[in-house]
Amino acid sequence: MNAQNYIINDIKPFDIATPIKEVQTTFNQLTYSHIPVVKANGYEGCISDNDAHCFESDKSLTDYQYALEPFFVRKETNWLDILEAFALHSSNIMPVLGENNEYLGYYELNDIMALFNDTPFLNEAGGIIVVEKGNQDYSFSEICQIVESNDGKILGVFISKIENDLTQATIKIGHTGMNAIVQTFRRYSYNVVSQHEEDKMLEDLKERSDYLDKYLNM
């Protein structure tokens with residue numbers, strides 16, 4: 001997937017000498033969290049919507065150059081790293097720079113998310129299993145082995161949470177053998193966080209069995 005096809009220039013970057021009043025007016029007309037700022041076509045950073053509305057309108061961006069956020073990605077940056085950059089900087093716009101730090105345009109968050117939507121992890125039919133284990137005890141090779149040893153097809157796996165001493169992994173697999181895979185994870189001392197229909201059926205059967213035993217022992 002080539003993210004470069006999604007570089008756009010619909011919004012002209014601010015020049016560093018742009019009056020704050022103009023910056024505020026532009027943000028009022030847009031839904032962007034940030035807008036790039038340039039100086040003689042060289043990238044200076046991004047001004048945020050929140051900051052712009054706190055500045056004095058009779059001044060210019062030059063007076064607030066210290067507030068510019070210098071985040072960006074390169075033209076060759078992988079789409080997954082671009083998505084990470086969006087998350088790290090809480091932005092819905094991401095400036096793109098060339099090899100010589102020249103400003104080329106920007107990505108919109110929705111366009112990069114659309115690339116993720118086209119991956120098999122999201123658009124292929126399958127089931128989700130969420131497991132957790134100690135930070136030092138889990139391994140991707142073991143997770144893949146458990147799925148594949150039960151004839152499961154892995155469509156994607158990623159670390160979805162790290163908290164205290166536990167790491168949580170989200171796995172998407174084909175629907176084949178879900179229950180067997182879940183039970184194998186438990187045998188390998190993984191805690192299965194996600195809820196599964198097979199588990200509910202087994203729980204219902206156990207409750208009915210317990211009730212029957214109680215009835216017969218009356």
Requested in this report: Decide side chain to side chain contact (heavy atoms under 4.5 Å, CB included) for I154 and E148; before the verdict, give the C-alpha distance in whole Å, the side-chain angles of both, and the deciding distance to 0.1 Å.
Outcome: CA-CA 8 Å; I154 298 176; E148 292 172 348; 4.1 Å; yes
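- Listed here is the closest heavy atom pair of I112 and A3: CD1-CB, 4.5 Å.
- Taken together through direct or relayed side-chain contacts under 4.5 Å among Ile, Leu, Val, Met, Phe, Trp and Tyr, F86 and L97 form parts of separate hydrophobic clusters.
- Two residues are said to be in side-chain contact when any heavy atoms from C-beta on lie closer than 4.5 Å; D49 and L30 fail this criterion.
- Classification of the H89-F71 ring pair by plane angle, with boundaries at 30° and 60°, yields parallel.
- Between atom CG of residue L88 and atom CE of residue M94 there is a gap of 8.0 Å, rounded to the nearest 0.5 Å.
- Taking the side chain as every heavy atom from C-beta outward, F158 and I171 never approach each other to under 4.5 Å.
- In the hydrophobic clustering of ILVMFWY residues, with side-chain heavy atoms under 4.5 Å counting as a link, I47 and L109 come out apart.
- You'll find the side chain of N150 stays beyond 4.5 Å of the side chain of V147, heavy atoms only.
- With hydrogens and angles disregarded, no donor-acceptor distance shorter than 3.5 Å links the side chain of D51 to the backbone of S48.
- Checking I128, I129, L155 one by one against I173, the side chain to side chain contact (heavy atoms under 4.5 Å, CB included) holds for a single residue, I129.
- Note that the OG1 atom of T31 and the CD1 atom of I93 stand 9.5 Å from one another [nearest 0.5 Å].
- D81 is linked by a side chain to side chain contact (heavy atoms under 4.5 Å, CB included) to T77, N78, E84, counting only residues two or more places apart in sequence or in another chain.
- Between A169 and S160, the closest heavy-atom pair is C-OG, 4.0 Å.
- In terms of modelled atom types and a separation under 3.5 Å, the side chain of N135 and the main chain of T167 share a donor-acceptor contact.
- For the pair K75 and E102, the salt-bridge criterion is not met [side-chain N within less than 4.0 Å of a carboxylate O].
- With rounding to the nearest 0.5 angstrom, the OG atom of S194 is 9.5 Å from the CZ atom of F185.
- Contact record, F55 with Q24: O-NE2, 3.1 Å, taken as the closest heavy-atom pair.
- Within the 4.5 Å cutoff, the side chain of V157 has no heavy atoms near those of the K172 side chain.
- Between E163 and Q168, the closest side-chain pair of non-hydrogen atoms is not below 4.5 Å.
- Summarising the geometry, atom CD1 belonging to I11 is positioned 8.0 Å from atom CD belonging to E108; distances are rounded to the nearest 0.5 Å.
- The minimum heavy-atom distance between K133 and E142, with the atom names listed, is NZ-OE1, 3.4 Å.
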Query raised in the report: Can you list the steps and then say if V131 with N191 is a side chain to side chain contact (heavy atoms under 4.5 Å, CB included)?
Result: CA-CA 5 Å; V131 299; N191 178 33; over 6 Å; no
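- Considering every non-hydrogen atom in both Y43 and P95, the closest pair reads OH-CG, 3.4 Å.
- A distance of 11.0 Å separates CD1 of I82 from CG of D111, quoted to the nearest 0.5 Å.
- Distance check: I35 CD1 to K12 NZ gives 12.5 Å after rounding to the nearest 0.5 Å.
- The ring of Y6 has its center no closer than 6.0 angstrom to the ring center of Y107.
- Across S90 and H34, no two heavy atoms sit closer than the pair O-CE1, 3.9 Å.
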Query raised in the report: Where do E132 and K161 land on the side chain to side chain contact (heavy atoms under 4.5 Å, CB included) test, with the steps shown first?
Result: CA-CA 9 Å; E132 65 180 13; K161 185 178 181 182; over 6 Å; no
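- With a 6.0 Å radius and a threshold of 12 heavy atoms from other residues, nucleotides or ligands, N5 has its CG atom above the threshold.
- Looking only at distances, no side-chain donor or acceptor of D63 sits under 3.5 Å from a matching main-chain atom of K59.
- Put simply, the side chain of R74 gets close to the backbone of G98: a donor and an acceptor are under 3.5 Å apart.
- The aromatic rings of Y106 and Y32 lie perpendicular to each other, with more than 60° between the two planes, well past the 30° mark.
- Residue pairs meeting the ring-ring contact (aromatic ring centres under 6.0 Å, His included) criterion with at least one member in residues 132-156, sequence neighbours excluded, do not occur.
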Only distances under 3.5 Å count here; give the side-chain donor-acceptor pairs of residues 15-22 to other protein atoms, sequence neighbours excluded, each with its distance to 0.1 Å.
{"unit_1": "D15", "atom_1": "OD2", "unit_2": "A17", "atom_2": "N", "d": "2.9"}
{"unit_1": "T18", "atom_1": "OG1", "unit_2": "D15", "atom_2": "N", "d": "3.1"}
{"unit_1": "T18", "atom_1": "OG1", "unit_2": "D15", "atom_2": "O", "d": "2.7"}

Requested in this report: Give the intermediate values and the outcome of side chain to side chain contact (heavy atoms under 4.5 Å, CB included) for residues E56 and Y64.
Outcome: CA-CA 10 Å; E56 296 179 39; Y64 297 103; 3.6 Å; yes
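- Y190 and L166 fall into different hydrophobic clusters, where Ile, Leu, Val, Met, Phe, Trp and Tyr side chains are chained together by heavy-atom contacts under 4.5 Å.
- For N9 (side chain) and L104 (main-chain N/O), a donor-acceptor pair under 3.5 Å exists by modelled atom type.
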